[in-house]
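Chain letters run A, B, ... following the sequence lines, proteins first, then strands; residues in each count from 1.
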Amino acid sequence: MIEVTDVTKRYGGVVALDGVSLSVPDGASLGLVGTNGAGKTTLFRLLVGHETPDAGTVRVAGVDPTAGTRVRERVGYLPEDAGFQPALTGSEVLGYYADMSGVEAPRVETLLSVVGLEGAGDRRVGGYSNGMNRRLGLATALLGDPDVLLLDEPTAGLDPGGVDAFNRVVERVREERDVTVVLSTHVLSEVEALCDRVAVLDDGQLRTVGTVEEVVRAAGDAVTITAGYADEATRSSVTETVRAAVPEASLTARTTDLELAVERDRVNDALAAVVETDPESVSVDEPGLEAAVRRTVSNGGERA
Amino acid sequence: MTDSESEGVDAPHDERPCPDGGATARASASATATETAGSVDTVRQVFGVARREYRVLARARWSVGLAALFGVFSLAVVGLTGTATGPTSVGALLVTLAELSVYLVPLAALALGYGTVVGADERGTLELLLSVPLGRTALLVGTFLGRAATLAVGMTVGLGLGAVAVGLRFGPAVLPAYLHYLLTAVTVGVAFLALGVCISAAATEKARALGGALLAWVWFVLVYDLVALGVVVALDPPRWLLSALVVANPADVLRLVVLSLVPTSGGGAGAVLATAAVSTPAILAGLAVWIVLPLAVGGRLLGRRA
């Protein structure tokens with residue numbers, strides 16, 4: 001069980017998290033999404049005890065993460081930038097962390113196999129691909145047979161095959177063990193595939209939390225049309241034209257892009273109005289998690 | 001990062017209730033056993049970290065590089081003895097070795113130490129290491145021990161080559177004094193390594209740590225003696241202050257130990273050091289402080305590192 005209650009964390013004048021409260025029941029999985037700098041990594045660092053909240057409380061498996069190292073016996077953590085010593089082999093890296101966690105050697109071999117690195121244990125980590133590095137990181141996080149698995153953007157920088165391979169391992173772990181998972185990612189299909197619930201962080205604040213269906217429903221079933229223009233001045237000049245043509249649309253300006261959220265029965269009219277303004281690109285997003293998250297986060301855009 | 005994190009090296013608490021005396025006694029015995037197990041775990045973790053650090057540095061050829069550096073250095077000085085440009089006697093040889101070691105040993109040790117913490121932080125290793133049940137103190141001490149072993153092995157092998165050359169050239173009677181020099185040089189190197197680790201824990205970027213290490217080298221190797229000489233000339237200090245000035249700089253400890261081994265005369269800082277006559281326990285205590293204090297400060301800084 002993870003309990004985050006009214007947590008605020010500041011770095012100097014920057015508020016990284018602002019009054020965030022959420023809970024993740026035992027065995028559940030939560031996807032953390034949001035823009036860069038939304039506060040996802042700060043939340044992970046609070047959960048693993050690397051940071052202390054300025055206000056509010058954090059409990060992981062009933063333990064205050066900053067009280068000694070006890071929480072780390074229950075938590076497996078894969079940070080966004082987990083750096084391994086390139087001079088060591090995969091087996092040596094895992095063996096080292098196993099030693100620190102009091103884990104027996106046979107489990108090291110088992111875990112290498114679980115993450116699909118059984119043939120690469122004797123190779124130096126410096127020669128590993130990005131995907132192999134991330135899977136080695138996952139094996140490290142799984143070493144202590146944790147109750148809670150914290151994965152901070154585990155598939156960032158991986159090719160689609162690498163993402164699939166990584167996610168298959170996480171799915172298998174979830175099937176075999178009653179482990180609580182918190183996963184942050186920009187790949188929303190990953191959240192839909194792996195997580196029971198999703199939390200949207202934006203500018204340090206928790207905008208919404210719920211099941212994928214709940215978040216999508218809360219964001220409305222509007223279709224999002226995004227028109228891209230050559231420059232910001234062009235986008236600015238056509239905004240009023242589009243607004244006049246589709247007054248019921250909700251418009252958001254993002255530098256050279258103009259986003260329109262319209263009800264499904266008005267999509268054709270809106271598209272026609274947009275095409276009239278001669279944009280360089282047009283895309284249409286059906287209602288779904290991607291569109292819901294876009295509409296939920298206000299960061300990077302302003303109401304036009 | 002919190003101070004309470006250092007509890008990671010302590011034993012876990014025994015939270016069982018103790019309703020009667022017998023249960024209390026059993027719980028107490030259990031708590032003692034748990035504390036002992038916790039201490040053993042901590043020691044195991046410290047040496048585990050040290051072993052890994054040593055292995056990583058060995059693969060990066062640090063030991064070999066240090067051995068080659070000090071080997072070439074000592075063989076060159078021994079080889080030049082008796083030549084027109086080299087030392088003229090065994091005593092002069094040891095003094096020359098010490099004088100040149102004062103530049104080389106701190107430089108090598110600081111180079112080995114400055115990236116210890118900040119380098120691991122920049123690479124992301126620190127984040128991962130601190131997510132396992134490993135106390136920050138255990139991590140810092142283990143890392144330091146691994147690096148100290150690398151430095152000690154490299155210096156001993158390198159300067160050991162010089163010992164062989166000295167033995168062949170001047171006979172075995174000279175070896176005890178040379179080994180005394182070697183041991184002191186290694187200890188002084190370890191003290192500068194501790195300083196480098198402390199600088200590394202304080203720095204926010206590796207480049208800043210390098211700058212801090214270079215400043216430390218300039219202060220202890222180039223500037224300190226000038227300041228100390230100025231103090232001596234201006235104040236004519238009592239002997240205890242002179243001794244304190246010597247022990248306050250590990251580099252001067254190396255000079256002092258070697259000067260105490262051979263009868264020499266001369267001027268400048270060497271002459272001042274020769275009159276300091278610091279006792280062996282004071283020298284050992286001074287070097288111990290130079291190892292423990294930077295590590296303690298480094299541990300505090302690591303605890304505050306976010």
Side-chain angles (χ1 to χ4, degrees), chain A residues 9-12 16 41-42 44-53 63-89 92-93 95-103 124-126 133 136-137 140-141 143-144 146 148-150 152, chain B residues 1-15 37-38 40-62 115 119-139 142-143 146 302-306:
Chain A
K9 179 67 188 175
R10 296 183 191 86
Y11 296 104
T41 296
T42 301
F44 277 112
R45 291 177 60 78
L46 287 164
L47 292 175
V48 83
H50 289 180
E51 303 278 6
T52 308
V63 178
D64 175 359
T66 60
T69 59
R70 278 196 296 170
V71 77
R72 294 178 223 158
E73 294 165 9
R74 313 278 299 273
V75 170
Y77 175 43
L78 175 57
E80 187 180 351
D81 298 314
F84 298 113
Q85 289 285 0
L88 298 179
T89 67
E92 285 172 339
V93 166
Y96 170 65
Y97 284 98
D99 201 28
M100 297 299 104
S101 307
V103 173
R124 289 197 182 184
V125 172
N133 255 302
L136 182 63
T140 309
L143 266 172
V148 176
L149 199 52
L150 305 175
D152 190 4
Chain B
M1 306 249 170
T2 62
D3 291 340
S4 61
E5 294 243 354
S6 61
E7 289 172 17
V9 294
D10 294 336
H13 303 294
D14 191 328
E15 295 174 341
V40 170
D41 278 352
T42 302
V43 170
R44 182 180 55 78
Q45 285 183 320
V46 166
F47 283 103
V49 173
R51 268 198 308 274
R52 182 206 68 141
E53 196 69 15
Y54 183 81
R55 188 181 297 168
V56 167
L57 290 171
R59 293 217 179 136
R61 308 270 193 276
W62 266 97
D121 197 2
E122 286 184 355
R123 204 168 42 242
T125 311
L126 192 62
E127 179 91 350
L128 199 59
L129 275 172
L130 293 175
S131 69
V132 298
L134 172 68
R136 290 176 192 224
T137 308
L139 175 62
T143 305
L302 181 60
R304 289 180 188 171
R305 202 176 180 90

If I take atom [atom1] from residue [X] and atom [atom2] from residue [Y], how far apart are they, to the nearest 0.5 angstrom?
{"X": "B:R51", "Y": "A:D99", "atom1": "CZ", "atom2": "CG", "answer": "6.0 Å"}
{"X": "A:M100", "Y": "B:L128", "atom1": "CE", "atom2": "CG", "answer": "12.5 Å"}
{"X": "B:L130", "Y": "A:R45", "atom1": "CG", "atom2": "CZ", "answer": "8.5 Å"}

- Message: Strictly distance-based, threshold 3.5 Å: is any side-chain N or O of B:R123 a donor or acceptor partner for the main-chain N or O of A:A82?
- Response: no
- Do B:T125 side-chain atoms and A:F84 backbone N/O form a donor-acceptor pair below 3.5 Å? no
Any heavy-atom pair between the side chains of [Y] and [X] that's under 4.5 Å?
{"X": "B:E127", "Y": "A:D81", "result": "no"}
{"X": "B:V56", "Y": "A:Y96", "result": "no"}
{"X": "B:V132", "Y": "A:R72", "result": "no"}

- Task: Considering only NZ, NE, NH1 and NH2 on the basic side and carboxylate oxygens on the acidic side, decide whether B:R59 and A:E92 come within less than 4.0 Å.
- Result: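 Judged by the 4.0 Å cut-off on N to carboxylate O distance, B:R59 and A:E92 do form a salt bridge.
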- Query: Side chain, backbone, both or neither: which part of A:Y77 has a heavy atom under 4.5 Å from chain B?
  - Reply: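 Contact with chain B: backbone and side chain both.
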- Item | Pick from B:S131, B:A120, B:A58 with the largest number of heavy-atom pairs that fall under 4.5 Å of chain A |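 Option with the greatest count: B:S131.
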